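A quick note: this is a predicted structure, and the numbers were derived from the prediction, not measured. Here is the naming used below: chain letters follow the sequence lines, and residue numbers restart at 1 for every chain.
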Amino acid sequence: MKKVYLLVDCNNFFVSCERVFKPALKNKPVMVLSNNDGCVISRSNEVKKFGVPMGAPVFKYRDLIKKYNIRVFSTNFTLYGDMSNRVMETLEYFTDDLEIYSVDEAFFKLNQWTGGHLENYGRLIKTTVQKWTGIPVSIGIGSTKTLAKAANELAKKHEEFSGVLSLVNNSRTDQLLAQLAIGDVWGIGRAYRQSLPPYGLKTALDLKNAPDFFIKEKMGVMGERTVLELRGVSCVELDHGPTVRKTILTSRSFRDPLTSLSQLKKAIAKYVSRAAEKLREQGSVAGSLNVFITTSRFKKDNYYSNSANTKFLSPTSYTPTMIASALKNLEKIFKPGCLYKRAGVLLTDISSTDNIQLNFFNPYSENKKQQRLMASLDEINDRWGGDTVKSAAMGVNRIGRYNVLKKSASYTTKWLELMVVQI
DNA sequence: TCTGGGGTCCTAGGACCC
DNA sequence: TCTGGGGTCCTAGGACCC
């Protein structure tokens with residue numbers, strides 16, 4: 001009996017979502033941009049071949065986009081989130097032990113695999129997801145999560161595998177790991193990708209065979225774990241259950257920088273409201289709130305970045321309290337004359353609503369009243385959308401301007417934007 | 001002109017205690 | 001000349017992930 005992990009990863013997920021509803025885009029170069037139309041966050045294979053890296057600023061590639069007629073979309077998270085659910089629901093037909101790792105990836109574990117046609121099983125999953133949702137996926141299989149990840153990378157890179165590869169009992173494993181760059185190993189990021197090659201570690205195989213003391217010294221326990229996993233020793237279990245976040249961040253970049261305190265106040269009030277909603281959604285309260293503002297990090301002159309933290313008397317998820325303290329913090333760090341490009345709110349010291357430490361100034365009855373009020377607010381906004389009822393501090397007009405030029409329709413979540421089929 | 005928005009975990013160092 | 005030896009807790013920052 002052997003443990004086997006599968007990783008199902010959607011190919012170029014956001015681009016693939018767009019293609020489901022615009023089949024003519026198949027085999028054409030397509031990219032999807034970040035929130036503010038600033039960066040490229042999803043690229044079709046054709047765009048990858050042009051050498052556009054993940055997270056690239058769009059303005060650097062204007063000429064390329066024009067030259068190759070690349071189709072460009074603004075992000076449409078409503079659509080992608082819904083497509084993601086469809087993919088995950090499909091996977092649940094195959095296992096009741098699914099870890100949804102991100103919007104476009106899921107692990108699952110076969111506990112009693114006794115050998116046999118792992119790759120055939122993978123292909124069945126792949127074709128089913130494709131048929132039911134229209135989304136192409138790649139599948140990596142390994143005896144640890146890190147090996148499943150590596151298999152997935154290899155399956156994507158080498159056409160011979162047609163999107164499915166198992167490294168379980170695979171005699172070519174070392175040979176394949178030697179073809180995987182060290183930076184493509186799960187757990188090796190930008191910093192290690194640069195610092196490890198000078199020591200002769202250039203591929204996944206090099207890392208697998210590196211001496212323990214060296215890894216421990218250079219990379220700490222996380223590095224040790226990665227190396228053990230490459231050797232087939234499972235250190236990272238499947239992680240499921242309701243995820244209760246330990247920090248909640250809401251922040252945005254502005255297309256046109258904000259300069260006035262009053263504009264920033266509205267923005268911050270809005271982010272606090274959003275963050276508090278997320279907090280209540282997971283049944284939590286926050287002990288601390290941090291407000292930060294910053295000018296463009298790409299402009300050296302007049303760079304300014306600051307933050308201020310408040311610890312609440314007792315943990316809360318009550319929007320008015322949180323906005324009041326956030327705005328006070330904002331006033332403390334606001335410096336006139338700066339071009340603010342980004343602002344945000346970070347909630348920490350998060351705990352469950354069930355065991356709030358009450359105190360003299362936060363008697364039980366007040367607290368219950370606040371919770372009921374917030375529950376009604378959430379219900380109304382959930383039903384009628386967005387900011388049907390909102391704090392006056394957020395202002396009436398939109399704050400700043402965001403670029404949303406080429407957003408596709410919410411085909412699957414809005415009645416008014418359903419697909420129209422002509423016969 | 002123009003550079004995303006979330007999260008996690010670990011570690012080093014300072015403050016403080018006896 | 002030379003400045004204890006532990007602990008714990010907190011925070012900032014660095015590494016990673018998507």
Taking the basic N atoms (NZ, or NE/NH1/NH2) and the acidic carboxylate oxygens, is any pair closer than 4.0 Å for [X] and [Y]?
X      : Y      : answer
A:R274 : A:E277 : yes
A:E281 : A:R245 : no
A:D37  : A:R255 : no
A:K145 : A:D239 : no
A:E99  : A:K109 : no

Residue whose closest nucleotide on DNA chain B lies nearer the 5' end, A:V58 versus A:K246 = A:V58
Relative to the 5' end of DNA chain B, which residue comes earlier, A:F298 or A:T250, by the nucleotide with the nearest heavy atom?
-> A:F298
Identify whether any heavy atom of [X] sits under 4.0 Å from a base atom; if not, whether one sits that close to sugar-phosphate; answer base, sugar-phosphate or nothing.
X      : value
A:V103 : nothing
A:V185 : sugar-phosphate
A:L33  : nothing
A:K341 : sugar-phosphate
A:K299 : sugar-phosphate

Taking atom types as modelled and ignoring hydrogens, do the side chains of A:S253 and A:N36 form a donor-acceptor contact shorter than 3.5 angstrom?
-> no
Does a donor on one side chain sit under 3.5 Å from an acceptor on the other, for A:T319 and A:R280?
-> yes
Leading and trailing nucleotides of DNA chain C with any atom under 4.0 Å from heavy atoms of chain A | C:dT11 to C:dC18
Calculate, to the nearest 0.5 Å, the distance between atoms CD and OG1 belonging to A:Q175 and A:T173 respectively.
-> 9.5 Å
Among residues 191-204 of chain A, which contact DNA chain C at a heavy-atom distance under 4.0 Å?
-> A:A191, A:Y192
Would you mind telling me which of A:K48, A:E18, A:R43 makes a side-chain hydrogen bond (donor to acceptor under 3.5 Å, both in side chains) with A:N12?
-> A:K48
Could you measure between the two P atoms, the one in C:dC18 and the one in B:dT3, and give it in whole Å?
-> 25 Å
Scan every strand shown for a Watson-Crick or G-U wobble partner of B:dC18, both distances under 3.5 Å, and answer none if you come up empty.
-> C:dG5
